[in-house]
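To start, the structure itself, in structure tokens.
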Amino acid sequence: MSGLRERKKQATREALMAAALRLAHERGLERVRVEDIAAEVGVSPRTFNNYFCSKYEAITARHTDRIRRSVAVLRARPPEEPLWEALAEAMVEPWAQARTDVAPAPELLASMRMLADEPALQAESLQVMFAGNGELAAAVAERTGTDAARDLYPHLVAVTAGSAVQAAVAHWLRSDPPVSLLPLLRDALSALASGLPDPSL
């Protein structure tokens, strides 16, 4: 029973995220209210607020989910696996089920453009990024025997790995002709693990 309840909650959350993005794309972000998003999904504004604090959070929630999934995967990787191998698998996994072997889906492009163009979403994205970096740094610290409260290393790894993923996704979004995302992600993380050697040498 609890499994069914959790699946229903997740389905409602997904529907709210999709509706928030779709309505913001159709009407413009500032012309969309929480009440509009809730009505689109057939729930009350109170139900919306059980999942998200704002429409901005609903639109950026997929990024939050990807980071948390990466953290969970990293913690589940075999402890004897080298850090950067485990980290690469963890950072790629949230994208593995997406349709990333072709041109980006229109809704993903709309989401990325909105995140880049809307100041309110930029602020929300920064909050998500900082929180995600902290969660990932904690997982790296556990794996490396470092202290996330005291040591630089886990934070350096978390920030650079997240930036590598962002760079790979940005490259994928602008590629013409389209390219597959997963090899780009792996290449970016591999280059980072190698110390970003100068490609001209």
Side-chain angles (χ1 to χ4, degrees), residues 2 6 9-10 13-14 16-17 20 48-98 100 108 111-112 114-116 118-173 181-182 184-198:
S2 61
E6 288 304 312
K9 286 175 64 177
Q10 184 60 31
R13 187 174 183 276
E14 290 281 343
L16 288 168
M17 289 190 292
F48 176 96
N49 290 325
N50 289 336
Y51 292 90
F52 303 109
C53 296
S54 68
K55 61 185 178 182
Y56 309 112
E57 184 181 356
I59 291 171
T60 58
R62 290 198 191 282
H63 184 54
T64 302
D65 291 350
R66 290 187 192 106
I67 294 172
R68 288 179 176 161
R69 179 62 186 157
S70 289
V71 169
V73 171
L74 180 60
R75 287 189 164 125
R77 299 296 299 179
E80 68 277 6
E81 188 175 29
L83 171 64
W84 282 97
E85 290 181 20
L87 190 59
E89 294 304 317
M91 300 305 283
V92 168
E93 201 277 345
W95 296 94
Q97 302 305 316
T100 57
L108 180 58
S111 172
M112 295 296 185
M114 205 177 300
L115 290 174
E118 292 284 352
L121 288 178
Q122 291 171 3
E124 186 71 33
S125 296
L126 280 175
Q127 291 183 15
V128 168
M129 181 184 68
F130 288 139
N133 286 344
E135 292 183 35
L136 188 57
V140 171
E142 292 168 12
R143 193 170 191 92
T144 57
T146 54
D147 186 341
R150 186 184 67 244
D151 297 325
L152 172 64
Y153 183 78
H155 295 279
L156 190 60
V157 169
V159 169
T160 54
S163 295
V165 170
Q166 290 177 8
V169 171
H171 185 80
W172 175 59
L173 291 171
L181 174 60
L182 299 189
L184 281 177
L185 290 171
R186 294 189 182 280
D187 287 349
L189 291 160
S190 176
L192 189 59
S194 301
L196 293 177
D198 186 342

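In what follows, every heavy atom counts, from backbone to side chain, and hydrogens, waters and symmetry copies are set aside.
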Practice problem: For E93, check salt bridge (charged side-chain N to carboxylate O under 4.0 Å, His left out) against everything at least two apart and list the hits. | Solution: R69
Minimum heavy-atom distance between [X] and [Y], given as atom pair plus value:
X    : Y    : result
A168 : L181 : O-CD1, 4.0 Å
A148 : A141 : N-CB, 3.7 Å
T64  : V128 : OG1-CG1, 3.4 Å
T146 : T144 : OG1-OG1, 2.8 Å
S194 : P197 : O-CD, 3.8 Å
S54  : E57  : OG-N, 3.1 Å

Self-check item: Partner residues of A88 under the side-chain contact (heavy atoms from CB on, under 4.5 Å) criterion, sequence neighbours left out
Solution: L189
Quiz item: Partners of A86 by side-chain contact (heavy atoms from CB on, under 4.5 Å), sequence neighbours excluded?
Solution: L74, R77, E81, R143
Euclidean distance, [Y] [atom2] relative to [X] [atom1], rounded to 0.5 Å:
X   : Y    : atom1 : atom2 : result
K55 : I59  : NZ    : CD1   : 7.5 Å
M91 : L136 : CE    : CG    : 5.5 Å
L87 : L192 : CG    : CG    : 8.5 Å

Self-check item: Side chains of E6 and Q10, donor plus acceptor under 3.5 Å
Solution: no
Exercise. Any pair with a residue in residues 148-170 that passes side chain to side chain donor-acceptor pair (under 3.5 Å), sequence neighbours left out, goes on the list, sorted by first then second residue, please.
Key: D147-R150
Quiz prompt | With F52 via ring-ring contact (aromatic ring centres under 6.0 Å, His included) - residues at least two apart | solution = F48
Self-check item: salt bridge (charged side-chain N to carboxylate O under 4.0 Å, His left out): pairs with one or both residues in residues 125-142, sequence neighbours excluded
Solution: R68-E135, R75-E142
Quiz item: Going through the distances and angles, do L185 and W172 end up as a side-chain contact (heavy atoms from CB on, under 4.5 Å)?
Solution: CA-CA 9 Å; L185 290 171; W172 175 59; over 6 Å; no
Practice problem: Start with the C-alpha distance between V92 and V73, add both sets of side-chain angles, then the distance that settles side-chain contact (heavy atoms from CB on, under 4.5 Å), and finish with yes or no. | Solution: CA-CA 10 Å; V92 168; V73 171; over 6 Å; no
Exercise. Would you indicate whether the side-chain heavy atoms of R13 and M17 approach each other to under 4.5 Å?
Key: yes
Quiz prompt | Residues R186 and E89 bridged, charged N to O under 4.0 Å | solution = yes
